[in-house]
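Working notes, structure below.
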Amino acid sequence: MGVILRLANVGEQILVEKDWIVVIASQSELSSLLRQVDLICKLGAPFAVSLLASFVSGGMTMLCVAGWSLLCMPVEIGLAIRTYNVVPDLHHRGQPNSSVSENSETLISESHHPQAKKYVSSVILNFMKHPVFLPSLALSVLYFTTISFSGVMIAFLLTKGFNVAWVAITRGLAVVAGLLGTVLAPIAIKKIGLARSGSWAVWTQTMCLIPAVIALWMWHYSKSNDSTLFGIVFVVAVITSRMFLWMFDLSVTQILQL
């Protein structure tokens, strides 16, 4: 169920933030606003659940979270339907030419046919030649990492002796850094443009992660009993890099929406 829920959340995020937003409004600040709302929810949700867990048992906390999700589901569905009905341009969004669609569906359904393989290969090659291929590939590779405040890194910090409260605080600071990145991204885009702001953000993020990698390596091979300093440097570098990660994300997202 958790995997299905995660898949549905990703699909909804792609639909709203990558597709609908282009039709609903042309303002570049709208992407940043949606990111800010998303990050604020990620910042507030853990604290709300922790506060609830301090008053009731773990099982009751899980039931409350599940109940809240069930209550929010019809609201989300209703708002999505209303938005779709209010904006007529969404009805025609992504509808391909009928003859092209029928030919492509016929070729794909007959996957054993040589023309089907040729058609798929031509689509992939055409996409690789498109100007947005490299930015989209960079954005995909950017999230192909464990140096982020995900479950792997949190588990690693806990095994290294950091307490839960300290890890929760650092995770909150990472979200705050991401919020700052969503505020600075529109300013940088207006000043120096999409391409330059994205390039500047990704290289600055790389410069922030270099000390993180060095500190992680020294932390792992350190023979000293007190190697907390390496852990602090590692966490601070990762927190700082989150700001430039979101700046790069917003820049590439707007490039793909052009």
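All values reported here derive from a predicted model rather than from experimental measurement.
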[X], [Y]: one ILVMFWY side-chain cluster at the under-4.5 Å cut-off?
X: I214; Y: F230; value: yes
X: V175; Y: F248; value: yes
X: V86; Y: I77; value: no
X: L209; Y: F244; value: no
X: W68; Y: V65; value: no

Worksheet item: Minimum heavy-atom separation for V233 to P211, with atom names?
Response: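 Nearest heavy atoms, V233 then P211: CG1-O, 4.4 Å.
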Discussion item. Would the distance check show the side chain of N85 and the main-chain N or O of I81 forming a donor-acceptor pair, the cut-off being under 3.5 Å?
Written reply: yes
Without placing hydrogens or testing angles, list every side-chain donor-acceptor pair under 3.5 Å for residues 196-203, not counting sequence neighbours.
{"residue": "S197", "atom": "OG", "partner": "G193", "partner atom": "O", "Å": "2.7"}
{"residue": "S197", "atom": "OG", "partner": "L194", "partner atom": "O", "Å": "2.9"}
{"residue": "S197", "atom": "OG", "partner": "S251", "partner atom": "OG", "Å": "3.3"}

How long is the span from the [atom1] atom in [X] to the [atom2] atom in [Y], to the nearest 0.5 Å?
X: F162; Y: L157; atom1: CZ; atom2: CG; answer: 6.5 Å
X: M128; Y: L134; atom1: CE; atom2: CG; answer: 9.0 Å
X: L180; Y: W246; atom1: CG; atom2: CH2; answer: 13.5 Å
X: T159; Y: I154; atom1: OG1; atom2: CD1; answer: 12.0 Å
X: I192; Y: I187; atom1: CD1; atom2: CD1; answer: 11.5 Å
X: L184; Y: L179; atom1: CG; atom2: CG; answer: 11.0 Å

Discussion item. Just to verify, what does I239 make a side-chain contact (heavy atoms from CB on, under 4.5 Å) with, not counting sequence neighbours?
Written reply: F149, T170, L173, A174, A177, V235
Worksheet entry | Stepwise side-chain contact (heavy atoms from CB on, under 4.5 Å) test for M247 and T204 | CA-CA 10 Å; M247 292 181 66; T204 309; over 6 Å; no
Worksheet item: In the hydrophobic clustering that connects Ile, Leu, Val, Met, Phe, Trp and Tyr at side-chain heavy-atom distances below 4.5 Å, which members other than V75 occupy its cluster, ordered by chain and number?
Response: L79
